[in-house]
Amino acid sequence: MMLLGCIADDFTGATDLANMLVRGGMRTLQTIGVPDGPPPADADAVVVALKSRTIPAREAVAQSLAALAWLRDAGAEQIYFKYCSTFDSTAQGNIGPVTDALMDAMGTDFTIACPAFPENGRTIFRGYLYVGDVLLSESGMKDHPLTPMTDASLVRVLQAQTARKVGLVRFDAVAGGPAAIRARMAALKAEGIAMAVVDAISDADLAAIGAACEDMPLVTAGSGIGLGLAQNARARGRLGHAATAASLPRIEGPGAVVSGSCSPATNGQVAEWARSRPAFRIDALGLAAGLPAVEEALAWARDRIAREPVLVYATARPEEVRAVQARLGVEAAGKLVEDALSRVAAGLVAMGVRKLVVAGGETSGAVVQALKVRSLRIGPQIDPGVPWTLADGAAPIALALKSGNFGTPDFFAKALALLA
Ligand code: ADP
């Protein structure tokens, strides 16, 4: 019985949610794209990972609807549209358009929008999203290469992406618990509001919101609400098996890191690694000029990986990214670098790498597609939001897909040490 069918708009985000559901005791499978075959018999939740965050809205809608159709065919009782905890979107979407399309297809007239992930410092108060102690619009997200977030008001951001009316379940209602939240949602619905941003500043809030949304056909959120929904299933006695700590079989083989995220956290992680370990930088402008940077990176790695793990990165500071984008265009720059890093990853795996850390949501999407991975089993958590996973395929590969802003400064070495 599939309790929860999830549609994630990027690959690291999908892993983040799957990790959360596993922590909540749900047996969870993550698929890369919409599966061809029938659903697995033993999953409480399936997370379909799309790479739909920054593609044209029409395509994101089409892919999301295909995922919805498969999940409903598979018997999913509740649908969860997962986006980033920093509400990453462009002026055109895709959070609003995809939510609209899912609501239309499901014939539902009310849903929530709650990217909060307090454990990672993403909290929502009076509709404003905070990253740590600053507003979203003052955080590193203002310089994101593809989805710069310059407004912290989630109601305003979402309202700009949908013709439906957007409202707010404010903190006072959330503090009142599930019944108060439900009452507030009913009042908003009566006012003609179809999507409600929900304040949340703690895991207790997530649990209360999850409980209030127990019977909501469609929930849209970051990964945080997943914890609340898993608790619902547990409270109803629907997770019969013991909550098994996620474990993976032992993987032998060299480790490596590929990084395409340009977030402040990843810049710090790359700098920390490069202080004492081998690191190769891929220059975006060099790539654009036709220099064989991928081949050079692989030749460099070939001499080293048997001895120690290596890092290949395009990660750069905001001013550098802006300069590259000014020359190449935002989309072209992103694609060029993603393509190069995915070829690096495929080359590393061909050389024998079996433990691969990838930094960056879009980057992870490109890498996972290049490796032709179809599904991921969720393993132990490295840092909040980032587990090790086991990728299916000819040779089993351990993959850690890290969303840009996640992880401590020593994340890369810590992740590889966990599998040593
Ligand atoms: P995050 O998880 O931090 O959002 P993503 O991988 O989703 O990271 O997005 C980063 C984007 O920036 C990717 O499209 C990547 O190809 C691009 N990128 C990486 N390095 C550079 C660079 N040096 N110049 C321009 N764009 C870059």
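Just so you know, ligand 1 is whichever comes first in the structure, and atom 1 is the first atom listed for that ligand.
- Counting protein heavy atoms only, atom 3 (O) of ligand 1 is closest to Ser261 OG, 2.7 Å.
- Residue contacts with ligand 1, taken as heavy atom pairs separated by less than 4.0 Å, involve His144 solely via side-chain atoms from C-beta onward.
- With sequence neighbours left out, Phe280 forms a ring-ring contact (aromatic ring centres under 6.0 Å, His included) with Trp300.
- Looking at Asp100 and Arg164, a side-chain N of the basic residue comes within less than 4.0 Å of a carboxylate O on the acidic one, giving a salt bridge.
- Every atom of ligand 1 is numbered from 1 in the order shown, and the set under 4.0 Å from a heavy atom of Gly361 is 1 (P), 2 (O), 5 (P), 6 (O), 7 (O), 8 (O).
- Shortest contact from atom 14 (O) of ligand 1 to any protein heavy atom: Glu338 OE2, 2.6 Å.
- Close approach of ligand 1 to Thr363 (heavy-atom distance below 4.0 Å) involves ligand atoms 6 (O).
- Contact annotation: Thr266 has no heavy atom less than 4.0 Å from any atom of ligand 1.
- Only the side chain of Ala316 comes within 4.0 Å of ligand 1, judged by heavy-atom distances.
- Atoms of ligand 1 found under 4.0 Å from any heavy atom of Leu146, numbered from 1 in the order shown, are 14 (O).
- We find that Glu320 and Arg281 are joined by a salt bridge, their nearest charged nitrogen and carboxylate oxygen being less than 4.0 Å apart.
- Panel note: side chain Asp10, backbone Arg53; no donor-acceptor pair is recorded below 3.5 Å.
- Below 4.0 Å from some heavy atom of Gly334 lie the following atoms of ligand 1, by number and element: 14 (O), 16 (O).
- Only side-chain heavy atoms of Val324 come within less than 4.0 Å of ligand 1; its backbone N, CA, C and O stay farther off.
- A donor-acceptor pair under 3.5 Å is absent between the side-chain atoms of Tyr83 and the main chain of Asp88, judged by distance alone.
- Side chain of Asp151 to backbone of Ser153: a donor-acceptor contact under 3.5 angstrom is found.
- A salt bridge links Lys51 and Glu362; the closest N-O separation between the charged side-chain nitrogens and carboxylate oxygens is under 4.0 Å.
- Using a 4.0 Å cut-off to heavy atoms of Pro145, the atoms of ligand 1 that qualify are 12 (O).
- Of the candidates Ile124, Thr123, Asp205, Val198, Phe171 forms a side-chain contact (heavy atoms from CB on, under 4.5 Å) with just one, namely Asp205.
- Shortest non-hydrogen contact noted between Ala211 and Asn232 is CA-OD1, 3.3 Å.
- Salt bridge Asp392/Arg374: absent, no basic N to carboxylate O contact under 4.0 Å.
- Considering only non-hydrogen atoms, atom 11 (C) of ligand 1 lies nearest to Gly260 out of Pro264, Gly260, Ser403.
- The distance from ligand 1 to the heavy atoms of Glu362 drops below 4.0 Å at these ligand atoms: 5 (P), 6 (O), 7 (O).
- Atoms of ligand 1 lying under 4.0 Å from any heavy atom of Gly404, numbered from 1 in the order shown and given with element: 1 (P), 2 (O), 3 (O).
- Of all protein heavy atoms, the one closest to atom 20 (N) of ligand 1 is Ala314 O, 3.2 Å.
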